[in-house]
K.L.:
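Got a structure here, written out as structure tokens. Questions coming.
No hydrogens, no waters, no symmetry mates; every other heavy atom, side chains included, goes into these values. Below, read A as the first sequence line, B as the second, and so on, with proteins coming before strands; counting in each chain starts at 1.
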Amino acid sequence: MEQSPAVKLFFKRSNPYLPVPMRIKDIRVESEDGMLKTFDLEFVDPEDKESFQFLPGQFCEVSILGKGEAPFGIASAPTEQDYVRFTVNRAGLVTNTMHQLEVGTPIGMRGPLGNWYPLEKYKGHNLVIVSGGFAFTTLRSVIRWLLDGHRADYADVTVIYGARTPGMLLYKDELAEWSKRDDLPIHLTVDTESQGWGGLVGFVPTVTQQIAPSPDNAFLLMCGPPAMIRYTLPVVTKLGFKPDQIYTSLERRMKCGIGKCGRCNIGPYYVCKDGPVFSLDQLEGLPHEY
Amino acid sequence: MKKVPVLKTLYDHLSKDRQIVGLTKEDNRYFYRALDSFDQWQSNVLLGNFSPKEVFFPQDEVLFYFKAQKTILPKDEVKPNVLWGVRPCDIAGIGELERMFNQVGEEGYKDPYFMQRFERTLIVGLACSEPWPSCFCTSVEGSPYKSEGADIFIYPTEDGYLIETPSKKGEAAIQGLDVEEVGDVSQLEADRRRAEDKIEKYNFEGIADKLKLMVDSNFWDRVHNPCIGCGTCAFVCPSCHCFDVSDASRGSRGLRSRQWDSCLYEGYTLETSGHNPRPSGRERWRQRLMHKFSYFPQVFGSYQCLGCGRCGRACPVNINIAELAAKAVEWEEASAE
């Protein structure tokens, strides 16, 4: 694929179905409704830790023996070496089970899987990061990675991030910290007025229209719920962003995560193997199956 | 080329140190299973109800066992075997599975379960002098006389069997077999033409590109209507590879396994949130036809349909994928005018 660098960072085990043993290092309740929890996993075997190399945008299958597996975007950055972070929405069998686990519990993981944001290609350009809800995870990885020694390689970086309420925003401490920086304009917004909220009010598409990031020499990274994407796309298109400047990360039901079990394809691409990161021009003309 | 008067000679030679797997009859249906003797082989039947893909990719397969947090791979019980008397369409199907399951480096991942079985199997193909009315291999770059992909390939003739060894593995396997060398095999060309002429030909001209233009076509609105979504077509198909993964456990012990799945099932793409990117038969049939005739060709350069006709024969509501594909070609040609 067009944005794949020369070296593919893929899962290195000779049997790609075998999960690597991990341990839960830390758990934090992330959202006010308690449905989102962040799990920091650490490797049990130092050799596994050594061989685990990834780039922002990649994902893992988290495995609970006896229950199954579920795919999650990696929320930590490659520069954070002591844990692999996932923010998990409690929804199905695996995620409900995960939410009941405690620090210290053994757990399995397969990855890194899939491709990543082509950060190499973005060098020297402006970056506009637009996100909504809990899809912010891999974009948090991008931002963390940028701030950990890569910020100078890029021109302006603008962040627009929204959630239903202030309490539903992910990584609040970090957002507060980032807001103080002068090299990372960050626009936080919530759907409706709420007490004590000093940020913007309004949906992500509206806020994006107001802030009106320039498409000149820029790439736009966009992740969010389907409704956000649907209404933000016309806005950024009107601002002048071309499909090959817009990158998004897709989600689909997955099983194997390595392009064999079949279910996550969009046209000739498997979201698990050829994605999850796609530029919009790659998706043009393909069935809208996402 | 080499010649033997009776096939049993070759069978006996190969069965000396290998298990032979061939068509057997079970309750009036035919499957590729271990043969105890040459006589058990159903030589007069062209194709099994299921394809021989189950020899490499069983319908239900344990990926690993676990005990507490320890994962244990299944015991390696795969013995060297011979897939005996399989037809060119099925050999092509195995080849496509191999390309998909054996991706390396940037292309993708290698599936160790499939590859272990594949590497230990000698494929003995058999030309189809009497194709069935449901066959359409010649429309999808196949032929009833195509030996490609086999290790050993057998051509029936009036007075015996010609034996070709397309691979080194096949050549090595027939070392020591008592054969007659035959120089003139020109008769084969006529035999091939005679067999090919018996097969119905469909027009799939440019189908991979035409389907690309049909993503939003109203062609899909009605074609799926007769389908009851039973998924039988995927189960009997020699190249369908989709599978589900599931866990089973009791206490701290259990296993993770995979089972054949089908793109025609509603739950196949259904997400936990309730969102389904392929919510109706329309999208599911578009996926099925496009995968076989457009997506797979775009990635691998060949159709993912080998023209064996099993899906049409097994379909309880009589959907014929070849007719459907030909109709799609016509549809796009008509709408382009």
Side-chain angles (χ1 to χ4, degrees), chain A residues 1 4-8 10-11 13-19 21-23 44 61 63-70 89 91-95 105-108 113 225-226 250-270 273-274 285-290, chain B residues 63-64 66-71 73 100-101 103 105-114 212-213 215-216 234 240-256 258 261-263 267-273 275-278 283 286-287 290-291 294-299:
Chain A
M1 289 183 72
S4 288
V7 184
K8 188 158 166 90
F10 61 89
F11 190 34
R13 292 234 156 169
S14 62
N15 186 327
Y17 297 96
L18 275 183
M22 306 290 285
R23 196 182 300 114
V44 170
E61 287 274 357
S63 162
I64 298 182
L65 298 176
K67 301 290 181 189
E69 295 184 314
N89 180 36
L93 178 62
V94 172
T95 55
T105 313
I107 197 165
L113 300 166
L250 298 180
E251 288 194 339
R252 279 286 297 269
R253 181 170 196 185
M254 291 177 186
K255 289 284 177 172
C256 73
I258 56 172
K260 310 295 182 207
C261 82
R263 60 184 38 64
C264 73
N265 74 298
I266 293 168
Y269 302 123
Y270 282 111
K273 180 172 86 68
D274 306 310
L286 300 179
H288 197 279
E289 293 174 345
Y290 41 92
Chain B
L63 297 173
F64 58 83
F66 58 82
K67 191 178 165 191
Q69 291 303 310
K70 193 173 150 59
T71 53
L73 286 171
M100 194 279 308
F101 276 127
Q103 291 173 314
E106 286 190 38
E107 295 300 316
Y109 298 84
K110 190 179 184 135
D111 185 289
Y113 304 92
F114 178 92
K212 274 193 198 174
L213 303 171
V215 167
D216 296 314
C240 273
H241 58 77
C242 291
F243 59 84
D244 194 8
V245 176
S246 57
D247 285 21
S249 64
R250 178 161 292 196
S252 64
R253 289 163 184 263
L255 58 85
R256 183 163 292 165
R258 67 176 171 193
D261 205 344
S262 167
C263 56
Y268 181 65
T269 48
L270 180 64
E271 294 166 16
T272 311
S273 64
H275 173 63
N276 195 339
R278 295 184 198 134
E283 293 79 20
R286 179 177 65 186
Q287 162 64 19
M290 287 220 179
H291 190 208
S294 185
Y295 305 154
F296 196 89
Q298 287 175 53
V299 177

K.L.:
For Arg252(A) and Pro277(B), which heavy atoms make the closest approach, and how far apart are they?
P.N.:
NE-CG, 3.5 Å
K.L.:
Do the side chain of His241(B) and the main chain of Lys260(A) share a donor and acceptor less than 3.5 angstrom apart?
P.N.:
yes
K.L.:
Contact between Glu251(A) and Glu271(B) at the side-chain level, heavy atoms closer than 4.5 Å - yes or no?
P.N.:
no
K.L.:
Check for me whether Arg263(A) meets the cation-pi criterion with Phe243(B), that is, NZ or CZ under 6.0 Å from the six-membered ring centre and within 45 degrees of the ring axis.
P.N.:
no
K.L.:
To the nearest 0.5 Å, tell me how far Asn15(A) CG sits from Leu63(B) CG.
P.N.:
7.5 Å
K.L.:
Which one, Pro21(A), Pro106(A), Ala91(A), leads in non-hydrogen pairs under 4.5 Å with chain B?
P.N.:
Pro106(A)
K.L.:
Please flag which part of Arg250(B) lies under 4.5 Å from any non-hydrogen atom of chain A: side chain, backbone, both or neither.
P.N.:
neither
K.L.:
Give a yes or no on whether the backbone of Gly68(A) and the side-chain of Asp247(B) come within a donor-acceptor separation of less than 3.5 Å.
P.N.:
yes
K.L.:
Do you know which of Val44(A), Ile266(A), Leu65(A) has the most heavy-atom pairs with chain B at a distance under 4.5 angstrom?
P.N.:
Leu65(A)
K.L.:
Would you say that His288(A) contacts Asp216(B) through its side chain, given a criterion of any heavy-atom pair below 4.5 Å between the two side chains?
P.N.:
no
K.L.:
Of Phe64(B), Tyr113(B), Phe114(B), which meets ring-ring contact (aromatic ring centres under 6.0 Å, His included) against Tyr17(A)?
P.N.:
Tyr113(B)
K.L.:
Given a strict heavy-atom distance threshold of 4.5 Å, which part of Lys67(A) is in contact with chain B: side chain, backbone, both, or neither?
P.N.:
backbone
K.L.:
Under the 3.5 angstrom rule, does the side chain of Lys110(B) hit a backbone N or O of Ser14(A) as a donor-acceptor pair?
P.N.:
no
K.L.:
Mind ranking Ser273(B), Cys240(B), Pro112(B) by heavy-atom pairs under 4.5 Å with chain A and telling me who comes out on top?
P.N.:
Pro112(B)
K.L.:
Below 4.5 Å from any heavy atom of chain B, which atoms of Leu93(A) appear? Answer side chain, backbone, both or neither.
P.N.:
neither
K.L.:
Measure across Pro268(A) and Gln298(B) and return the closest heavy-atom pair with its distance rounded to 0.1 Å.
P.N.:
CG-OE1, 3.4 Å
K.L.:
Where on Thr269(B) is there a heavy atom nearer than 4.5 Å to chain A: the side chain, the backbone, both, or neither?
P.N.:
both
K.L.:
Can you see which heavy atom on His291(B) is nearest to which on Tyr270(A), and at what distance?
P.N.:
NE2-OH, 3.8 Å
K.L.:
Taking the side chain from Arg253(A) and the backbone from Thr272(B), do they hold a donor-acceptor pair closer than 3.5 Å?
P.N.:
no
K.L.:
Go through Arg256(B) and Ser63(A) one step at a time and tell me if the side-chain contact (heavy atoms from CB on, under 4.5 Å) criterion holds.
P.N.:
CA-CA 11 Å; Arg256(B) 183 163 292 165; Ser63(A) 162; 3.0 Å; yes
K.L.:
Distance check, rounded to the nearest 0.5 Å: Ser246(B) atom OG versus Lys255(A) atom NZ?
P.N.:
7.0 Å
K.L.:
Looking at Gly92(A), Pro287(A), Gly262(A), which has the largest count of heavy-atom pairs under 4.5 Å with chain B?
P.N.:
Pro287(A)
K.L.:
Name the member of Leu270(B), Leu255(B), Val299(B) that forms the most heavy-atom pairs with chain A at distances under 4.5 Å.
P.N.:
Leu270(B)
K.L.:
Does any backbone or side-chain atom of Phe66(B) lie under 4.5 Å from a heavy atom of chain A? Answer side chain, backbone, both or neither.
P.N.:
side chain
K.L.:
If you draw a 6.0 Å radius around CD in Glu283(B), do more than 12 non-hydrogen atoms from other residues or ligands fall strictly inside?
P.N.:
yes
K.L.:
Where do Gln287(B) and Asn265(A) land on the side-chain contact (heavy atoms from CB on, under 4.5 Å) test, with the steps shown first?
P.N.:
CA-CA 9 Å; Gln287(B) 162 64 19; Asn265(A) 74 298; 3.0 Å; yes
K.L.:
Is chain A contacted by the side chain of Arg258(B), its backbone, both, or neither, given a heavy-atom distance below 4.5 Å?
P.N.:
side chain
K.L.:
Which answer fits Leu213(B), side chain, backbone, both or neither, if we ask what part of it has an atom under 4.5 Å from a heavy atom of chain A?
P.N.:
neither
K.L.:
Are Glu289(A) and Arg278(B) close enough for a salt bridge, meaning some N to O gap below 4.0 Å?
P.N.:
yes
K.L.:
Taking all atoms of both residues into account, what is the closest heavy-atom pair of Tyr109(B) and Pro16(A), and its distance?
P.N.:
CD2-CB, 4.3 Å
K.L.:
Counting only heavy atoms closer than 4.5 Å, note whether Asn276(B) contacts chain A via side chain, backbone, both or neither.
P.N.:
neither
